[in-house]
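Just so we're on the same page: letters track the sequence lines, and every chain starts at 1.
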Amino acid sequence: MRALVATLFALFAALAVWSFAVAPAHGWAMPENVATLGTSVDELFGKIQWIVGAFFVLTVGGLAWIVWRSAQGGGGARSALASHTKLEVLWTVVPGAILVWLALVQIAPWEAMKFSSSIPRSADGKPKPPLCEVWASQFDWRALYPGADGRCGTGDDLHSPYELVVPVNEPVVLALHSRDVIHSFFVPSFRLKQDILPGRETLVWFECTKPGTYDLLCAELCGWGHYKMAGSVRALPRAEYEQFLERKTRELSSNGMEDTK
Amino acid sequence: MKLLARVFSTDHKVIGLQFFWSGLLMALFGALSAMLIRWQLAWPWSEMPVVGGLVFPKSGGVPSPEFYSALFTFHGTVMIFFVVIPLLTGWLGNYLIPLLIGARDMAFPVLNMISYWIMPFAMASLAIGFCVEGGSAQAGWTSYPPLATLTSATPGSLHGQTWWLLAIVLAGISSTLGAVNYVTTVVKLRAKGMGWLRMPLTVWALFLAACIQLAGIPVLTSGGILQLSDRVLGSGFYSASGSPLLWQHLFWFYGHPAVYVVILPAMGVVSDVLSVHARKGVFGYKPMVFSLLGITLLGFMVWAHHMFVSGMNPALGMAFGVATTLIALPSGVKVFNWLATLWGARLQLTSAMLFALGFVALFITGGLSGLWLACTPVDVYMHDTYFVVAHFHFIVFGGSVFGLFAAFYHWFPKMFGRMLDERLGRAHFVLTFVLAVGVFLMMHQLGLAGMPRRIADPTVYPSLRHLVPLNVSITWCALLLGASQVLFLANLFWSLWRGPRAPRNPWKAASLEWEADSPPPHGNFGAQPEVERGPYEYDPRTDGRDFQPQAVTLFPPA
C-alpha cells in the first residue's frame, strides 16, 4: 500500500507538470496573443507558472517521498519534533516575500488594462473617442459605427451584426452596452474580458497587432442561449477598414437590388 | 411520543447524524446532476441517460439548453449549500464539538434542533422549483440579476428562481442558528482544563468557520430577501436602473468566505487525522492556529476577486488582487506544517489517513492554481473559464470532500459503534483519487484554451472544437468517479449492521471523544472529563502505550 500510494502521488505530480508542459503543442494553452496588452498577461502567466511549478514539485513530490520513506506499522515516531521556530520563520518569510512581489508586479499591467486614465489619447491629448458601440443582447452581438454625423444612436448608424471590424496596429476604444442582462465581452486572443452591465456604458481598449479573424465569446451566463452567443472580431489594415466602412455606408442607402460589395 | 422525541431530538449527536444523512441524500442528487452536465459537454444534444426519456419524451431524450442551465445551477447550489456546508458544519460541528471539548451537549439544544428542521423546508423549496412552469432556477448558483430577476430573461426566472431564493434564505437561517450554537458552545462549555491552546485543531477550525458564518450569512440572506422583493414585490434594488453589482457584492461577501467555511473544518480534520495515524503530534500547533485565524480574517477581504471584470471600480480590483495573493501565505504555512508532521513518522495507511494524504496533495494543487487567478491581469483571461472550474473543484472536491471522507473513516467507529471495512475503504480512496485527478486536472487546460464555463455546447466555437477528446475523457472519468462511490455506500451500509463492534478507542487517539463509549450515550461522558494536556501527545511510554490521553484516564488503557 505504501508503495502504491507513493507512486500515485508521484504519478499525479508528473501528470500535472506534463499537462502544463505539453499544453501549447496540443492547443491546450492560451491561443496566440495578438494584442499589445496581452504581452504582459502572458509574461505574468509564465512567471507564475515557474513559481507554482517549483512549489508544486517541492510539496507534492515531497509528500510522495515522505510516504515512500515511512515505515508502516505501529510503534513510536522516529522524529518527535513538535515545532521548530527557525523552520516556521523560513517557510513563512520566503513564500511571503514571493507573494508580496507577485502582488506588486500585477499592479502596473492591471492599471494599463482597466483604469480609465489609461485609455489611449488622440493627437489633441483627449481620451480617444470610441471607434464604435458594441451592443450585446440575448443572444447576439452587434457593432454600431457612427455614420456621417459622427454619433451613434442616430438614423445613419452602420450596423455590423455578429462581427466587430477594427483597424489593426492602432489603439481601439469600444463602448460596450447591453440591452437586457449582464453579458461579458471576451476575446481570448486579445486577453480581453469585460462584463457589460445593462443601463451603463463600459469602455474597453486594445490594440490588435495582427490582421485576422478572432473568436468573440460571451463569458457571463446570460440565459438559455448563452452557449451560442458567438461573434467574431476581424482586424484589418487601415485601408481595408476604411473600405469596410464605405461598403457599409453604401449598404445603408442601397435599395437591396444593387450589388453593394 | 417516543418516536417524536427521537425525530425532534435535541441531542447534538442525533442532530449531527440527521445532517449526515440528509447531506448524503443531497450529495447523490448533486453527483447525478454533475454526471448529466458532463454527459452534455462530451456528447452535446445526444439522448441523456436516466432522465432523458423521463424529462424530454418529445425530443427522444435530448435535453434542452435551459435544462442544462438548470442542471449546473442545481449542481452548484446543492453541493455548496446543501452538501459541503451542512456536512462540514452541521454534521461534524454538531457531532464533534461537544465531544472534543468534553461537553455534554450544545449550549442551545432546542435552537440546534430547529436549525436542522429548517433544512427539509429548504430542500423542499429546491425540489418544488423543478415542478413549476418554466422549470427550476437557471441563473447559476450565483444568480446574478437582472438574469435572475427579470421573469422573461430565462424560463427558470419565471417561477423557479423564487423557490431557489426561498431555499437559500432558509438554508441561511439554518446555518446561522447552527453557528450561534457552535460559537457559544466552544466559548462557554469547554471541560475543566480545556484551555484555548489545548483544543484540537478540528475544534479551532469548526469554531472559526462558525464565526465566519455568523459574520457573513446574514449579509447573503438579506441580499436574498432583497432579490425576493425585486421578484415578488416589484422593487428594483438590482435592476438595470438600480444596481446589478450590489447583488454581486452581497452574494460574494458570504459566497467567498463560504469557501473557507468548507475548507477550514477539512483542514482541522486533516491535521488531526494525520497526527493520529502518523502517531506523531501536529507539527507547529501554534502556527497552525494562527494560520487558521489568518485565513479567517483575510477571508473577509478578498470577496471582490470574483468581480475583477464585473465593471466595478478597477482600483477596488487592485486592492482585492493584493489581498487575494497574500491569503496564499497562511495556506502555505499549513501545507509545510502538515509535511513536517509526516516527516520521519511511521504512517499507518488506514482509509482515513489515505484521504487525509490525498487532501494534502489535491489542496496544494487547488491552492497553487489560485495564484494565477489572484493575479488580476491573468484573471481577466481566466475568469469564467474552465480554469476557474478546475481550481475550485480541487479545493471543494479535493479539499472539502476528501476532508469529509477522512472524517467519515476516522469517526465512523465513534458515531455508529461499528468498524468499517478497511480494504473497501482503501480501494475507495485509490479510485476516488485517480478519477478525481482524471476529472479535474485537465479542466485547467480547457480553461487555458478559452472554454467558458456554463456553456451547453462548446463545439459552437470553431476555436474550441479540438477540445472534444479532452471533454470526452473527462466525462468518462466523471461517470466512473460517480460509479466508484458505490464502494463507499456499500461499506457504509454493510458496516452499519454487519461491521465488527468498535472498541472505545480503535485508533489509540489522545483526544477526548475517544474516552466516551462508541457510540457515546446521551450526555456523552460517564464522569466529567478533566483535561490535563494538549491533544497531540504521541510518544512511546514505559507502560506500552504510545500516546497520552488528554484527560485524566477514566478507563484502563484500551
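When ring centroids are compared, B:Phe320 and A:Trp110 stay outside the 6.0 Å threshold. Separation of the A:Phe45 and B:Tyr381 ring centroids does not fall under the 6.0 Å cut-off.
Interface residue B:Val437: only side-chain heavy atoms are found under 4.5 Å from chain A. Neither the backbone nor the side chain of B:Ser241 comes within less than 4.5 Å of any heavy atom in chain A. For a residue to count as touching a neighbouring chain, one of its non-hydrogen atoms must lie under 4.5 Å from one of that chain's; by this rule B:Pro155 touches chain A with the side chain only. Heavy atoms closer than 4.5 Å to chain A are found nowhere in B:Met451, neither backbone nor side chain. For B:Glu537, no part lies under 4.5 angstrom from a heavy atom of chain A. The part of B:Ile364 that comes within reach of chain A is its side chain, from C-beta onward, which places non-hydrogen atoms under 4.5 angstrom from that chain. With a 4.5 Å cut-off on non-hydrogen atoms, B:Met318 touches chain A through its backbone and its side chain both. In this structure, the portions of A:Ser19 lying under 4.5 Å from any heavy atom of chain B include both its backbone and its side chain. If you measure heavy-atom distances from B:Val335 to chain A, the contacts under 4.5 Å come from the side chain alone. Heavy atoms closer than 4.5 Å to chain A are found in the side chain of B:Phe72, but not in its backbone. Heavy atoms closer than 4.5 Å to chain A are found in both the backbone and the side chain of B:Ala315. The parts of B:His383 that come within reach of chain A are both its backbone and its side chain, each placing non-hydrogen atoms under 4.5 angstrom from that chain. In this structure, no portion of B:Phe67 lies under 4.5 Å from any heavy atom of chain A.
Here the straight-line distance linking atom CG of A:Leu102 with atom SG of B:Cys375 works out to 5.5 Å at 0.5 Å rounding. Separation of atoms CZ (B:Arg453) and NE2 (A:His226) is listed at 9.5 Å; rounding is to 0.5 Å. Separation of atoms CE (A:Met1) and CD (B:Glu422) is listed at 9.5 Å; rounding is to 0.5 Å. Atoms OG and NZ, from A:Ser83 and B:Lys286 in turn, are 8.5 Å apart once rounded to the nearest 0.5 Å. Atom OG of B:Ser310 is separated from atom CD of A:Gln194 by 7.5 Å, given to the nearest 0.5 angstrom. Taken from CG in A:Asp180 to OG1 in B:Thr154, the straight-line distance is 11.0 Å, to the nearest 0.5 Å.
Taking the side chain as every heavy atom from C-beta outward, B:Asn337 and A:Glu88 approach each other to under 4.5 Å. No side-chain heavy atom of B:Asp384 sits less than 4.5 Å from a side-chain heavy atom of A:Phe186.
The aromatic rings of B:Phe336 and A:Trp91 sit parallel to each other, their planes meeting at less than 30°, with 60° as the upper class boundary. Relative orientation of the A:Phe20 and B:Phe387 rings is perpendicular, given thresholds of 30° and 60° on the angle between their planes.
The minimum heavy-atom distance between B:Pro244 and A:Ile182, with the atom names listed, is CB-CD1, 4.3 Å. Looking at every heavy atom in both residues, B:Val460 comes nearest to A:Ala230 through CG1-CB, 4.2 Å. In terms of heavy atoms, A:Leu63 sits closest to B:Leu339 at CD1-CD2, 3.8 Å. The two residues A:Gln106 and B:Val322 come nearest to each other via the heavy atoms NE2-N, 4.2 Å.
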Worked check of side-chain contact (heavy atoms from CB on, under 4.5 Å) between B:Tyr68 and A:Trp224:
CA-CA 8 Å; B:Tyr68 180 78; A:Trp224 68 268; over 6 Å; no

